[in-house]
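Below: one structure, written as structure tokens.
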Amino acid sequence: MTIRVLFPLEASRIAAGEVIERPASVVKELVENSLDAGATQITVDIRDGGLTSIRVVDDGCGIAGAELRLAFERHATSKLQAEADPWRIETLGFRGEALPSIAAAADVEITSRPSEQAEGRRLRFVAGEAVEEGPEASPPGTAVAVRALFRRQPARLKFLRSAASEAGHVGNVVSRYALAYPEVRFTLRADGRPALQAPGTGDLREAAAAVYGAQVVSSLLDVCPYEDVERMELALQGLVSPPHVTRATRNDISLFINRRWVRNRALTFAVEEGYQGQLQSGRHPLAIVYVRLPADDVDVNVHPAKAEVRLRREREVFGAIRDAVRATLNVGAPVTEIAAPRVWGTPPAGGVLPGPEGSEVPDLALASPAYQPELTPHAPGVNGATAGVPMLRPVGQVGNLYVVAESAEGLYLIDQHAAHERVLYERLLAALETSRPETQPLLQPATVELTPRQQALLSEYGDELRAQGFDIEPFGEGAWALRAVPSAIAADAGKAFAAVLDLLDREDGSSERRHRVAASLACHAAVRAGKTLSGAEMRELVEQLEATASPRTCPHGRPTMLHLSADHLAREFRRR
Ligand code: ADP
Ligand code: MG
């Protein structure tokens, strides 16, 4: 075989394959160029999912007539200065590969006019060759039309899905940019029909409403904004769903780092960790989280499409996201309402999101200032740390299951077992963090026989169980001796231990081992459904619940209480 250097067109087709995989990648590159050009309005039109044509029009800075051809040369870019530090990438593009790659994969026509130029200039490529160039009357800005994508690469065409599915990908790309740049007016039309219209007001809630619909967005909570003002090393803001508004996948957890949409498993997990024990298993939140970091902390040069980034201080960012989400939920999540309208549906148009990229991060003028969840007239700040749960007065018990309580805001039904689980769970975790957990030595060691499954659980969770106060040693074939148990366990230590292991097996809350152990122990020790409670016991339970950090859900995400508002009662009884 002879070795030869690739012809430039071949070389750019190969490189194009890395960047341009499908119509949505063309849209992504063109929209990024428009954003880098400072556009305030970007219109995307696609035909047949972009396979027949894609047109992106912006009102950005334009390309000087004399440089139009140069923009299509490989590695021609206006965005990276010769001596620049590649860590300091503050524009979305920087490699100068997109335009030549697109021209290698499709027929392209570009018209561009910088505002100081009296008229625009048009340039047309067929099969990667410039075939036509000349002056053209046009408004300031740039319009790029891409036709017959991959017609000369049938192999790639074969990998594509239906036009509808490609249109979905394009919708996701535009959605993510609309969320990343709420100050830009985005319009997406598919086959002439409007698919997405972001108003470009700079208000994140309005941008999010264009993507998810106003109803879903009205339930979202503003992430308690965080900014490390002194060192300017980390800032956070965003919107997250309350624990009862969930999705079946993680697709609606969107992360933006320095305004670049990124895929990052660890940080996605950090968002979910913020819900610690408040999400039902298999359900995921909807979250839009913006992180701002110094440019040198982010390496975007990991992936050709720049969707993956490497972070220098990932652990720190992880902790900041988790804590911000947690604080947001503790302050703002509403109590589940009885008779509240069930609002959450599926997102409209465009649906879910693939991705943007960020630039130099002007401040996102965020969302409506002080968001008050509509469902809870008594929402944040009612009694300090347990905002959202007002002072409750128990008035009785129903079915030996529920405590009935009242406050100025109406009537509350409290699930006695779930509420007590929440109380014990937080107490057990706090004991782990502050001191040694309360344990109770047994006068007479108890022996317990474990099934093979229980033994497997013991070897997986042994450290966490010991940390909670179980003192346990092997005692012959399949048998174990218990010398001490957590004080939360009242009687019959051996049986209780086996029961906790069984609960661990069913535990569907957190993925963190020590949280799972605490949740299982809390579940075992919590007051049973079916137990009659005295007035004093009810008062104590309610007071303890009010003092927890997340009083509205048990450690598995089920509600601890339901609220029937005074307002709703008055309406139902036609008092007003
Ligand atoms: P990159 O974005 O990495 O610089 P591209 O191939 O995407 O590479 O674009 C090459 C150059 O063309 C850009 O650096 C920019 O100067 C110019 N350009 C492309 N699209 C636009 C646009 N919509 N508005 C203004 N300039 C543009
Ligand atoms: Mg570019």
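Just follow the structure's listing: the first ligand is 1, and inside any ligand the first atom is 1. Hydrogens, waters and symmetry mates play no part in the numbers below; they use all other heavy atoms, side chains included. All residue numbers refer to positions in the sequence shown, counting from 1.
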In chain order, what residues pass the side chain to side chain donor-acceptor pair (under 3.5 Å) check against Q117, with sequence neighbours excluded? none

May I ask you to list the atoms of ligand 1 that are less than 4.0 angstrom from any heavy atom of A37? 24 (N), 25 (C)

From CA spacing to verdict: side-chain contact (heavy atoms from CB on, under 4.5 Å), R151, D107: CA-CA 9 Å; R151 192 172 48 204; D107 295 342; 3.3 Å; yes

Quick check: does C61 get an N/O under 3.5 Å from an N/O on ligand 1? no

Would you mind telling me if ligand 1 is within reach of the side chain of A39, the backbone, both or neither, using heavy atoms under 4.0 Å? neither

Could you tell me which atoms of ligand 1, counted from 1 in the order shown, lie closer than 4.0 angstrom to a heavy atom of P100? 6 (O)

Has the side chain of R312 got a donor or acceptor atom that lies under 3.5 Å from a matching backbone atom of D296? yes

Any salt bridge (charged side-chain N to carboxylate O under 4.0 Å, His left out) pairs touching residues 51-63, not counting sequence neighbours? none

Output yes when the distance from some N or O of ligand 1 to some N or O of N33 is under 3.5 Å, and no in every other case. yes

Closest candidate by heavy atom, reference atom 26 (N) of ligand 1, pool L30, T142, I63, L68: I63

The answer for which part of L99 has a heavy atom under 4.0 Å from ligand 1 is both

Modelled atom types, side-chain donor and acceptor of E206 and T201, under 3.5 Å: yes

Side chain R205, main chain V217, donor-acceptor under 3.5 Å: yes

Do the ring planes of F269 and F318 sit parallel (below 30°), tilted (30 to 60°) or perpendicular (above 60°)? tilted

For G62, state whether at least one heavy atom is located under 4.0 Å from any atom of ligand 1. yes

Within ligand 1, which atoms have a heavy atom of A71 less than 4.0 Å away? 10 (C), 12 (O)

